[in-house]
Amino acid sequence: MEPFARPAAGVRGGPRVRSDEFIVALDTASRTIRDPVAKLKYIRGSLARYQAIDRCVRAVPLAGLRRQLYRWLSLEGLHQLLATDPYGAAPRVRLQTSLRLYTSRAAAAALVLLAVGSLATATYRLSRPLPVVPVHADARPAPVAESLPPFAAGITAPAIWLVEKGDAWEQYSNGLRIDTSATLTGDPRRYRVFDAKDGLRPGLHERPVGILFHTSESDIWPFEATFNENLRDSSQHLIRYLQKNRTYHYLIDRFGRVFRVVDDASKANHAGNSVWEKDGTVYLNLNNAFLAVAFESRWGGGQAMPITQAQLAAGRNLTDYLRQRFEIPADMCVGHGLASVNPKKHLIGHHMDWSRGFPWSAFGLPDQYARVDPSVALFGFGYDDDFLKVLGEPWDGVRAAESRLADEARLRGVSVDDVRRERQGLYDRWMAEQTRVEKAGADVADQGPANRPRATASGG
């Protein structure tokens, strides 16, 4: 992310030097904020104010005056943050009052400094015109990875294999390197599936059949060298949290490093209530059936690409490896938001990360947003105003599924609501049956082989 223009070669005191002055002031002021979410909110607000006023401040030729103005800008942002606690708690009055006093004095001083600076600037420009430096017309920060690279040209091997392995890492032939130092073992992967026509199928499955892509929704620092230490620390804190909760199988951090958190043979607690389908086989709740790949990022509504180029390359290599190893079809790789549901309200989009904006073509995958949504087509799920506030419109696959429900209603001579209620009832029955069977299996497993009832000679 490069929101500020760089100075021309040989020019001292250009925009980059002056933006560093603000970054230093911002870092100093933000050290008092312990909560990472609150700190991020403060930094973003300060950056927005900085970009709006920076052109005026950059006109001040004296470094000392600029530093005072930048410090006032950063502290004013801190004052606004403390005045409105992000968690609804009572404001910290003592700190807020002292900060208000400081910033009010600083504001008065800043006005004087700005006036003096403007006068000095006029005099300065008469004797030595400032160099012309290009400035972005749009002051908003650019997306980190808005343009997606095509597949690289070169030799494509027929298979991906393990090249080398160490105590805490694995290196694969396609360039994928997995850090295994944080890997934990969870509960064994076991699940059942449904037939779209006949209901619950017999037998347990232990092999993953799909990949569910997530964003971590964790603290995200600006992707710049100034925040390098924060970026590294944030990733390590996130990994410890994921270990504690056994949340994902894989995490890809902002630098493109791949960490295995939960081993492939174990389930991870990543999908919650969710639905997917392929060729008449229906999967309810994907914690067991799907592997979880998470990108350290915030989805943010999917307006811009929320992963770095390094994450994109690593995610593509990891996806290729997992698909080959477990023979996962392309249409079984899906974003979390497309599969997540609210079972009580029969709504889609309970979690919405990657419900828009996943780069399917860059990963060599089909556009899953165009695929008929199984939650709607099979079980009559809908969506609410909160869903529309985020997305504006559902993805195309939802509209296609709704068309199917409408076609069925016309053929049967009933209303669409009648079809929806019937399908929702089917979902409720299948969920109850899955829960009952899983509970019965857990009870038998808890008894142990020695305590299980034995069949008599008569077979009773």
Side-chain angles (χ1 to χ4, degrees), residues 1 143-157 159-166 168-183 208 210-225 227-228 231-239 242-243 247-264 268 270 290-299 304-326 328 330 333-336 353-354 357-365:
M1 183 167 62
V144 171
E146 186 167 347
S147 60
L148 305 178
F151 286 104
I155 298 173
T156 301
I160 300 170
W161 67 91
L162 179 65
V163 175
E164 194 174 2
K165 183 177 181 179
W169 54 272
E170 297 171 1
Q171 180 69 48
Y172 291 87
S173 58
N174 67 340
L176 172 65
R177 185 181 181 90
I178 301 176
D179 187 315
T180 59
S181 61
T183 306
I211 300 172
L212 201 62
F213 297 109
H214 302 258
T215 55
S216 65
E217 298 303 298
S218 53
D219 302 328
I220 301 300
W221 292 89
F223 197 63
E224 297 179 358
F227 297 94
N228 188 60
L231 289 162
R232 289 188 289 106
D233 290 347
S234 180
S235 297
Q236 290 304 313
H237 291 319
L238 176 59
I239 289 172
L242 300 181
Q243 285 180 308
T247 309
Y248 305 126
H249 293 95
Y250 293 92
L251 173 72
I252 305 175
D253 76 359
R254 307 287 300 289
F255 302 111
R257 296 178 297 183
V258 179
F259 297 89
R260 183 181 290 135
V261 182
V262 177
D263 72 274
D264 294 339
H270 64 104
F290 279 58
L291 292 162
V293 173
F295 299 90
E296 184 180 7
S297 182
R298 280 184 181 271
W299 177 66
M305 186 64 185
I307 60 175
T308 65
Q309 297 285 0
Q311 285 178 302
L312 190 148
R316 188 163 58 194
N317 288 339
L318 177 60
T319 299
D320 290 345
Y321 159 69
L322 293 175
R323 285 190 57 203
Q324 174 190 283
R325 179 183 176 189
F326 296 107
I328 296 174
C333 302
V334 61
H336 187 203
D353 50 316
W354 287 132
F358 190 85
W360 302 111
S361 60
F363 276 67
L365 299 171

- Message: Given 3.5 Å as the limit, does a donor-acceptor pair link the side chain of Thr180 with the main chain of Thr183, or not?
- Response: no
- Query: How are the rings of Trp354 and Phe358 set relative to one another: parallel (under 30°), tilted (30 to 60°) or perpendicular (over 60°)?
  - Reply: perpendicular
- Test side-chain contact (heavy atoms from CB on, under 4.5 Å) on Val293 and Leu322 and set out the steps. CA-CA 10 Å; Val293 173; Leu322 293 175; 3.9 Å; yes
- Item | Partners meeting side chain to side chain contact (heavy atoms under 4.5 Å, CB included) with Gln324 (sequence neighbours left out) | Ala159, Ile160
- Message: Holding to side-chain hydrogen bond (donor to acceptor under 3.5 Å, both in side chains), I want the full list of residues that pass it with His270, two or more places apart in sequence or in another chain.
- Response: His214
- Message: Looking at every heavy atom in both Ala182 and Gln243, which two are closest together, and how far apart are they?
- Response: O-NE2, 2.8 Å
- Task: Could you tell me the separation between the OH atom of Tyr321 and the CD1 atom of Ile178, rounded to the nearest 0.5 Å?
- Result: 5.5 Å
- Message: Treating Asp353 as the side-chain partner and Trp299 as the backbone partner, does any N or O pair qualify as donor plus acceptor under 3.5 Å?
- Response: no
- Task: Please tell me if the side chains of Ile239 and Leu251 come closer than 4.5 Å, counting only heavy atoms from C-beta onward.
- Result: yes
- Item | Leu231 side chain near Glu224 side chain, heavy-atom distance below 4.5 Å | no
- Item | Flag, side chain of Gln311 to backbone of Asp253, donor-acceptor distance under 3.5 Å | yes
- Message: Main chain of Trp161, side chain of Ser173: is a donor-acceptor contact present, judged purely on distance under 3.5 Å?
- Response: yes
